[in-house]
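All remarks here apply to the structure that follows.
Both backbone and side-chain heavy atoms feed into the values below; hydrogens, waters and symmetry mates do not.
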Amino acid sequence: EVQLQASGGGLVQAGGSLRLSCAASGFTFDDHAVGWFRQAPGKEREGVSCISGSGGVDVYAGSVEGRFTISKDYAKRTVYLHMNSLKAEDTAVYYCTTDFNLPCGRVYLARPVAMDYWGKGTLVTVSS
């Protein structure tokens, strides 16, 4: 059974940092991309970042480029989203996903409805 367990959300002041974790199980971690999506109140889900199975490719939404970094730890089967210089508009529920057909790229981030698996979200609140 594929499981994605997101954690690390919380309340932070604008300009601060958080690290989200996504613990993955039930699939071959090296073979499939893992990504992060977010959904703010009243808004649609949007792609934030993804990383390829090999870890050699990572892609970011323009709104987080230069502030967020995605990484993966193969031994822990965990994908991290390091979020720096947080802004109020980063406030959202963050979800990690994996899809067995789409590689990490702009298409992956643009198609939340195509994701095979979603974890439960973790709430990030940035106070201004």
Item checked: Taking every non-hydrogen atom, the tightest pair across Val48 and Val64 ->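 Heavy atoms of Val48 and Val64 come nearest at O-CG2, 3.7 Å.
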Check: Backbone N or O of Ala88 within a donor-acceptor pair of the Ser128 side chain at under 3.5 Å?
Finding: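 Such a contact is absent between Ser128 side chain and Ala88 backbone.
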Set of side-chain hydrogen bond (donor to acceptor under 3.5 Å, both in side chains) partners for [X], sequence neighbours left out:
| X | value |
| --- | --- |
| Asn84 | Ser17 |
| Ser54 | Ser52 |
| Tyr95 | none |
| Ser7 | none |

Apply ring-ring contact (aromatic ring centres under 6.0 Å, His included) to [X] and list each qualifying residue two or more places apart in sequence or on a separate chain.
| X | result |
| --- | --- |
| Phe68 | none |
| Phe29 | Tyr74 |
| Phe37 | Trp118 |
| Tyr80 | none |

Next item on the list: Tell me, please, which residues at least two apart from Arg111 pass salt bridge (charged side-chain N to carboxylate O under 4.0 Å, His left out).
Entry: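 Arg111: no salt bridge (charged side-chain N to carboxylate O under 4.0 Å, His left out) contacts found.
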Item checked: Listed partners of Glu46 passing salt bridge (charged side-chain N to carboxylate O under 4.0 Å, His left out), at least two apart ->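 Scan of Glu46 (salt bridge (charged side-chain N to carboxylate O under 4.0 Å, His left out), adjacent residues dropped) gives Arg38.
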Note to self: Going by ring pair (Phe, Tyr, Trp, His ring centres under 6.0 Å), name the pairs with one or both residues in residues 3-22, residues two or more places apart or in two chains.
What the structure shows: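 Qualifying pairs: none.
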Checklist line | cation_pi(Arg67, Tyr60) dist<6.0 Å, angle<=45 | finding: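 Judged by the rule, Arg67 and Tyr60 form no cation-pi pair.
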Next item on the list: Can you run down the side-chain hydrogen bond (donor to acceptor under 3.5 Å, both in side chains) pairs that involve residues 96-109, sequence neighbours left out, and say none if there aren't any?
Entry: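 Pairs touching residues 96-109 that pass the test: Thr97-Tyr108.
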Margin query: Before we go on, tell me: are the rings of Phe27 and Tyr117 under 6.0 Å apart, centre to centre?
Written below: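 Ring centres of Tyr117 and Phe27 not closer than 6.0 Å.
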Margin query: In the structure I gave you, are the side-chain heavy atoms of Ile51 and Val79 within less than 4.5 Å of one another anywhere?
Written below: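 Yes, side chains in contact.
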